[in-house]
Structure formats: structure tokens, C-alpha cells
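Just so you know, residue 1 is the first one in the sequence shown, and it goes up from there. Numbering of ligands and ligand atoms starts at 1, following listing order.
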Amino acid sequence: MSEREVKNLEAIFDARIERDERIEPKDWMPEKYRQTHIRQISQHAHSEIVGMLPEGNWITRAPSLRRKAALLAKVQDEAGHGLYLYSACETLGITREEMYEQLHSGKAKYSSIFNYPTITWADIGAIGWLVDGAAIINQVALCNTSYGPYARAMVRICKEESFHQRQGYEIMLTLSRGTEEQKAMAQDALNRWWWPSLMMFGPRDEASTHTAQSMKWKLKRKTNDELRQQFIDQTVPQADILGLSVPDPDLKFNPETGHYDFGEIDWKEFWQVVKGHGPCNKERMEARVGAWERGAWVRDAAMAHAEKNKNKTMAKAG
Ligand code: BYC
């Protein structure tokens with residue numbers, strides 16, 4: 001294709017984005033748009049799958065049958081979200097195996113939040129309330145993203161995610177209205193999950209490599225800082241209802257801006273975790289790579305079965 005033809009196609013593409021039209025898999029798109037989407041959607045899928053691990057840790061120890069059933073369903077939903085997202089990403093021309101390889105080799109990232117340990121049952125409440133709460137704020141904005149398969153996956157995921165957030169909040173409510181010990185457990189979980197939850201939204205806008213371009217392509221509808229502020233404004237009043245205190249001495253409602261001012265995030269910790277040196281990075285990767293290796297015989301058997309069926313069908317037809 002000549003340079004002029006590419007320029008023409010780019011102009012048509014930009015105009016479609018401007019008109020808020022959805023881009024579909026067979027449409028022409030700039031190579032950088034495709035690559036950026038592969039990066040973000042696959043990392044999102046990996047986050048869902050790795051995100052099953054900290055919660056999976058509590059399935060056998062949930063305090064009642066009701067709690068266990070709800071947690072099992074939540075973790076299963078997360079596997080489903082991962083699958084929708086891997087499928088959406090495959091429409092951009094990358095295979096599932098390539099995506100797994102990128103995760104297992106450390107080339108692809110996944111959300112920093114899943115590199116923290118789940119020490120007590122209250123952590124399951126805090127994850128639902130804060131982590132799913134942060135995820136919804138990010139994902140509601142993504143329901144309007146410009147790439148069709150990603151936007152449609154997000155609509156479905158958000159519906160399930162809002163249920164996850166409520167089940168987490170209900171755990172926190174029960175604990176915070178329970179014994180002194182239970183309330184202390186809930187406060188401790190909030191203390192440990194608050195700052196990592198704020199980090200989920202990514203670096204400050206001025207330090208974000210991709211935000212400016214992703215906003216132009218309408219992949220991102222809001223910036224990292226805008227979403228983080230929205231999360232804080234929404235969550236602080238919820239902590240008040242629980243009677244728990246947010247571990248930030250600088251947190252204060254600012255009547256002039258109508259938003260909460262908040263303290264400085266420990267960006268050194270954020271980048272340490274992103275680069276693979278968080279408390280559980282090694283453990284999470286070992287779990288994923290181990291599952292892939294242990295599952296080799298299942299994949300081989302499925303392929304052999306498919307091959308056998310294909311031969312049978314061909315023999316019948318022939
Ligand atoms: N953790 O230029 P930036 C869930 C990386 S799962 C790790 O701002 P971007 C759930 C970033 O990738 C929810 N890395 O990037 C599941 C980039 O590095 P690369 C997961 C991070 O993409 C189970 C570099 O830092 N949600 O809900 O414009 C149980 C510079 O950042 C993080 C999604 O994935 C981080 N927190 O913006 C419970 C949402 N932040 O790629 C719940 C979809 C940044 O150049 N993703 N980095 O090597 C997004 O919305 C965007 O990708 C982000 C980052 C806002 C996360």
C-alpha cells in the first residue's frame with residue numbers, strides 16, 4: 001500500500017473515531033491502534049485470571065456455606081471475564097498461546113493489586129469492596145471504548161462486577177458491626193488494601209506513557225487521575241458508613257472543588273510491584289506457569305480427540 005493510501009485510510013479512521021463509531025475486527029485500523037489494544041486487553045484478561053488466585057486462597061476457609069458459595073461464584077465469574085477478554089483480544093490477530101506466553105515470560109503485565117497477600121477473611125471483603133469497586137469505575141468508562149469487541153465484553157463484565165462489589169461491601173458491613181475483633185480485622189484489611197487500590201488506576205497522568213494517545217483513540221474515556229479521584233469520592237462515604245477510617249491523614253473534603261484531597265501515593269512501591277518485586281509476584285507467576293504445565297496433558301488429549309473426530313467425519317463423508 002502506498003503512503004498516500006495509508007494516509008487516506010488514516011483520515012477515514014480518525015473521522016470514524018471522531019463520530020464515535022465503533023471499530024470492528026475486520027475494519028482497517030492503524031497498526032499502533034491494534035498493538036495498543038492487544039497490550040491493554042490482554043493485560044486486562046491476565047489480571048482477571050491472576051486475580052482469581054488471592055481469593056481462591058479463601059474458598060476452603062470461607063466462614064459459612066453461604067459465603068463459600070458466593071466466593072466460588074465470584075471466582076468463576078472472574079475466569080469468565082478472562083475468557084471474554086482473551087476472545088476479544090484474539091479478534092485483533094493474536095493467539096491465546098501467544099498471550100499466555102507473554103504472561104508467563106513476564107513480557108505482559110497484569111494489575112499490580114494482585115501481588116498482595118490475602119491474610120485474613122476481611123481481605124476478601126476488602127477486595128470485593130475496594131478492588132472490584134475500583135475495577136467497575138475503570139470498566140464503566142471502558143463500556144464506551146472505541147473497539148467494539150472490547151466495549152461489548154465490558155458491558156457484560158460490569159454487570160457481574162457490581163454484584164462482586166456489593167458482596168464485598170456486605171462482608172465488610174457484617175465484620176464492622178460484629179465483635180471488636182472482627183471490626184479490627186476489617187480496619188486492618190482497609191489499612192492494607194486502600195493504597196494498593198488507588199494504584200490500580202495507574203501512574204499520575206503526567207507519568208502515564210499511553211494516556212494521551214489512548215484518549216485520542218477513545219480507548220480510554222477518562223484519564224488515570226480522573227478515575228482515581230472518582231473512586232476516592234465514591235468510596236470515602238462508604239467507609240464512613242462502615243465506621244472505618246481511611247488510612248490517609250491528608251484525606252479531606254474540599255468544598256471548593258467538591259472532591260476529596262488526598263495524600264501522596266507511594267509511587268516507588270507501585271513501580272516495584274509493577275516490575276515484579278511485590279510481595280506475591282513470584283508466587284502468582286509460579287501458580288500460573290505451574291497450571292499451564294500441569295494442564296499440558298488436557299490440551300494434548302483435547303487435540304487428539306478433535307483430530308480423531310475430524311478423521312471420523314472425513315471417513316463418513318468420503
Ligand atoms: N498494574 O501509560 P499507563 C479486576 C503499566 S481486574 C500493573 O497509564 P495505560 C478483578 C501499564 O500497563 C482489573 N501495571 O498505561 C479481577 C504501562 O506499562 P506497559 C484490571 C500497570 O494502559 C479479579 C505502564 O504502567 N483492569 O477487576 O494507559 C478479582 C504505564 O501506565 C498498572 C484493567 O486491566 C497497574 N495498576 O493505563 C477482582 C483495566 N497501571 O503496558 C477484580 C484495563 C499501569 O507499557 N486497563 N500499569 O508495559 C486500563 O484501564 C489501563 O491499562 C490502566 C493503565 C489504567 C490499568
Side-chain angles (χ1 to χ4, degrees), residues 32 35-58 71 73-82 84-85 88-89 102-103 106-116 118 123-143 145 147 150-151 153-154 157-158 160-165 167-168 193 195-217 219-228 231 265 267 269-278 281 284:
K32 274 194 174 164
Q35 289 301 342
T36 295
H37 277 73
I38 289 180
R39 180 188 62 79
Q40 179 166 322
I41 302 172
S42 65
Q43 294 188 162
H44 196 163
H46 299 325
S47 303
E48 296 283 354
I49 299 300
V50 178
M52 295 165 73
L53 296 168
E55 291 174 294
N57 181 33
W58 276 92
L71 183 58
K74 180 181 193 285
V75 173
Q76 278 179 349
D77 283 352
E78 277 144 15
H81 298 173
Y84 307 153
L85 288 164
C89 202
Q102 290 178 353
L103 173 68
K107 184 171 172 245
K109 297 188 167 74
Y110 59 88
S111 184
S112 49
I113 193 77
F114 303 117
N115 292 306
Y116 291 86
T118 40
D123 289 1
I124 299 305
I127 290 183
W129 172 37
L130 301 173
V131 176
D132 287 274
I136 297 172
I137 286 185
N138 171 282
Q139 290 168 350
V140 164
L142 288 173
C143 290
T145 190
Y147 187 57
Y150 193 23
M154 278 302 119
I157 290 175
C158 279
E160 292 175 353
E161 216 80 280
S162 62
F163 174 75
H164 294 174
Q165 195 268 353
Q167 71 84 36
W193 289 92
W195 292 104
S197 298
L198 300 189
M199 294 174 194
M200 280 178 76
F201 296 96
R204 296 289 312 266
D205 291 350
E206 61 264 27
S208 163
T209 354
H210 304 292
T211 294
Q213 181 60 68
S214 292
M215 292 290 284
K216 278 193 201 141
W217 278 328
L219 161 57
K220 275 178 153 179
R221 290 295 190 151
K222 287 187 180 176
T223 70
N224 300 358
D225 285 334
E226 282 169 348
L227 292 171
R228 189 169 12 249
F231 172 74
I265 291 170
W267 292 113
E269 174 182 324
F270 170 73
W271 289 114
Q272 278 284 104
V273 176
V274 170
K275 287 181 184 150
H277 311 298
N281 294 61
R284 301 289 182 243

Checklist entry - Do the side-chain N and O atoms of N115 and Y110 include a donor-acceptor pair separated by under 3.5 angstrom? => result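 A pair is found: one side chain offers a donor N or O, the other an acceptor, under 3.5 Å apart.
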
Checklist entry - Is there a donor-acceptor contact under 3.5 Å linking the side chains of T211 and D205? => result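 On atom types as modelled, these side chains do not qualify, holding no pair under 3.5 Å.
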
For ligand 1, find out whether one of its N or O atoms is nearer than 3.5 Å to an N or O atom of [X].
X	value
W271	no
T209	yes
Y150	no

Checklist entry - Can you name the residues that form a ring pair (Phe, Tyr, Trp, His ring centres under 6.0 Å) with H46, not counting sequence neighbours? => result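 Testing H46 for ring pair (Phe, Tyr, Trp, His ring centres under 6.0 Å), a comparison that skips the adjacent residues, returns Y86.
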
Item to check | Aromatic ring pairing W267/F270, orientation class (parallel under 30°, perpendicular over 60°, tilted between) | outcome: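 Ring orientation of W267 relative to F270: perpendicular.
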
Counting heavy atoms only, which part of [X] comes closer than 4.0 Å to ligand 1: side chain, backbone, both or neither?
X	answer
F201	backbone
H44	both
N224	side chain

Item to check | Audit row: N138, F231, side-chain contact (heavy atoms from CB on, under 4.5 Å) steps and yes/no | outcome: CA-CA 9 Å; N138 171 282; F231 172 74; over 6 Å; no

Checklist entry - For atom 53 (C) of ligand 1, is the nearest protein heavy atom closer than 4.0 Å? => result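 Flag for atom 53 (C) of ligand 1 set to false, no protein heavy atom closer than 4.0 Å.
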
Checklist entry - Applying a strict 4.0 Å limit to heavy atoms, is E55 in contact with ligand 1? => result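 Per 4.0 Å heavy-atom rule, E55 contacts ligand 1.
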
Checklist entry - For ligand 1, which atoms sit closer than 4.0 Å to a heavy atom of G51? => result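 Atoms satisfying the 4.0 Å criterion: 23 (C), 29 (C).
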
Checklist entry - With a cut-off of 4.0 Å, which atoms of ligand 1 are near a heavy atom of S112? => result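 Listed by number with element: 1 (N), 7 (C), 35 (C), 36 (N).
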
Next on the checklist: Is it true that, when you exclude K222 itself, more than 12 heavy atoms of the residues, nucleotides or ligands shown sit nearer than 6.0 Å to its NZ?
Outcome noted: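 At most 12 heavy atoms, drawn from other residues, nucleotides or ligands, come within 6.0 Å of this atom.
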
If hydrogens are left out, which of [options] has an atom nearest to [atom], that is, the closest non-hydrogen atom?
atom	options	result
atom 9 (P) of ligand 1	Q139, K220, K74, Q43	K220
atom 29 (C) of ligand 1	E78, H46, M200, Q165	E78
atom 41 (O) of ligand 1	M199, R39, E161	R39

